[in-house]
There are 2 protein chains.
Amino acid sequence: MARTVEAVLDHAAAACARRGAQLTPLRREVLRLVLEAEGPVGAYALLDRLKETRAGAAPPTVYRALDFLLEQGLIHKVERLNAFVGCAEAPHGHAGAGDGHGHPHQFLICRRCGATTEISDAAVTQALAAAAGRAGFVLHGATVEAEGLCARCAQG
Amino acid sequence: MARTVEAVLDHAAAACARRGAQLTPLRREVLRLVLEAEGPVGAYALLDRLKETRAGAAPPTVYRALDFLLEQGLIHKVERLNAFVGCAEAPHGHAGAGDGHGHPHQFLICRRCGATTEISDAAVTQALAAAAGRAGFVLHGATVEAEGLCARCAQG
DNA sequence: CCTCGGACGATATAATGTATCTCTCTGCGG
DNA sequence: CCGCAGAGAGATACATTATATCGTCCGAGG
């Protein structure tokens with residue numbers, strides 16, 4: 001897994017460079033922390049972890065890095081949790097499309113175990129686009145976060 | 001408009017009573033403030049307004065009332081804005097269904113003027129249910145918030 | 001060399017949300 | 001009438017999330 005994360009980081013750095021942005025050591029470190037987390041992580045949890053290697057880290061340190069990573073489509077914010085997760089599709093490469101910054105995606109959030117799964121369902125995206133269009137609304141992006149029980153928790 | 005709000009409040013009180021809950025004067029006052037607001041209102045904006053008539057009001061005062069109103073399906077929370085709006089369908093009467101607490105709904109949020117429109121699109125709801133089912137996910141509710149330009153702002 | 005802009009450090013503060021404890025009111029059984 | 005249980009609400013403190021502001025460093029380009 002550690003190797004995988006490093007590979008994703010390298011890939012992310014290359015993707016940023018292609019767009020004229022820089023995945024600086026700090027930003028890379030924050031991205032690593034997000035990717036290494038088991039699920040969605042809060043900004044202050046990241047800050048605590050970041051402080052282990054960067055004593056001077058403060059809230060803006062983390063938020064600036066997170067903003068950058070969001071813009072680059074490398075992470076997503078889970079609005080219902082005020083937390084962040086790595087983008088499941090970032091390794092496959094894509095840039096600021098569909099969501100203003102990022103690709104169309106949806107989250108399935110388990111209320112029992114907290115597991116958060118990213119999906120990218122075309123039917124949902126299309127249905128929303130159609131509904132918005134019907135209202136004369138020009139769609140730039142959407143937050144779609146489902147709550148319920150994941151397959152594992154639903155069985156138990 | 002004032003008459004309309006009062007009518008909605010009376011209707012809401014009746015709906016609560018039917019479910020064995022009470023729309024107390026405090027809760028009614030908070031609901032009134034939400035309904036009178038032009039768009040989504042933050043909890044602390046409500047608190048400030050509430051203090052005009054209830055000097056002792058504190059954060060828990062507002063949050064408890066908001067929690068109650070959410071449970072009763074009389075208001076919704078807009079996660080992207082950390083703000084609250086009256087439920088567009090509450091006047092027509094419905095109770096905690098589809099969303100864990102509330103009916104399935106979606107928001108269209110204008111990034112220019114902040115206008116927030118509630119819609120209830122069956123195709124979106126169904127597409128999301130289908131996608132969740134495919135992942136073995138038991139859906140309880142969903143937050144669907146689109147961002148873009150409302151019809152008015154898109155024209156200008 | 002200069003200076004300009006982006007990234008980052010550092011401090012402070014704002015905004016949002018909870019925990020907890022107490023008090024009061026109300027209805028109800030003794 | 002008394003006292004009790006439970007909901008609603010007051011009050012303080014705290015926790016969490018997010019932003020504002022200012023200063024410094026450093027590399028790119030003139």
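Every chain is numbered from 1 and lettered A, B, ... according to where its sequence line falls, protein lines coming before strand lines.
Scanning residues 59-68 of chain B for heavy-atom distances under 4.0 Å to DNA chain D yields Pro60(B), Thr61(B), Arg64(B). A heavy atom closer than 4.0 Å to some atom of DNA chain C occurs in Arg54(A), Gly56(A), Ala58(A), these being the qualifying members of residues 47-58 of chain A.
Here Leu74(B) contributes atom CG and Cys16(B) contributes atom SG; the two are 5.0 Å apart, rounded to the nearest 0.5 Å.
At a threshold of 4.0 Å, the pair Asp67(B)-Lys77(B) does not count as salt-bridged, since none of the basic side-chain nitrogens sits closer than that to a carboxylate oxygen. Note on Glu6(A) versus Arg28(A): salt bridge recorded, some NZ/NE/NH1/NH2 to OD/OE distance being below 4.0 Å.
No donor-acceptor contact under 3.5 angstrom links the side chains of His105(B) and Glu89(B), judged on distance only.
Look at CD on Gln22(A): it is 9 Å from P on dA28(D), rounded to the nearest Å. Distance, Glu29(B) CD to dG8(D) P: 18 Å, rounded to whole Å. As rounded to whole Å, 13 Å separates atom C1' of dA18(D) from atom CD of Glu79(A). If you take CG of Leu70(A) and C1' of dT17(D), they are 14 Å apart, rounded to a whole angstrom. Put simply, CG on Leu81(B) is 18 Å from P on dT17(D), counting in whole angstrom units. As a whole-Å value, the separation of Leu23(A) CG from dC8(C) C1' is 15 Å. Atom CG in Leu46(B) sits roughly 10 Å away from atom P in dT16(C) (whole-Å rounding).
Mapping Leu26(B) and Tyr44(A) onto DNA chain D via the closest heavy atom, the residue that lands nearer the 5' end is Leu26(B).
No side-chain donor-acceptor contact under 3.5 Å links Ser120(B) to the backbone of Glu118(B). Between the side chain of Thr117(B) and the main chain of Phe107(B), no donor-acceptor pair closer than 3.5 Å is present. Distance alone, capped at 3.5 Å, is enough to place a donor-acceptor pair between the Gln106(A) side chain and the Asp121(A) backbone.
Among the candidates Val78(B), Leu33(B), Leu70(B), the single residue satisfying the side-chain contact (heavy atoms from CB on, under 4.5 Å) test with Phe84(B) is Leu70(B).
Between Lys77(B) and dT16(C), a side-chain N or O to OP1/OP2 separation shorter than 4.0 Å is absent. Phosphate contact (OP1/OP2 of dT16(D), side-chain N/O of Asn82(A), threshold under 4.0 Å): absent. Here Thr24(B) does not reach the OP1 or OP2 of dA7(D): none of its side-chain N or O atoms lies under 4.0 Å away.
Inter-residue side-chain proximity for Val5(B) and Arg32(B) is flagged as met; some heavy-atom pair is nearer than 4.5 Å.
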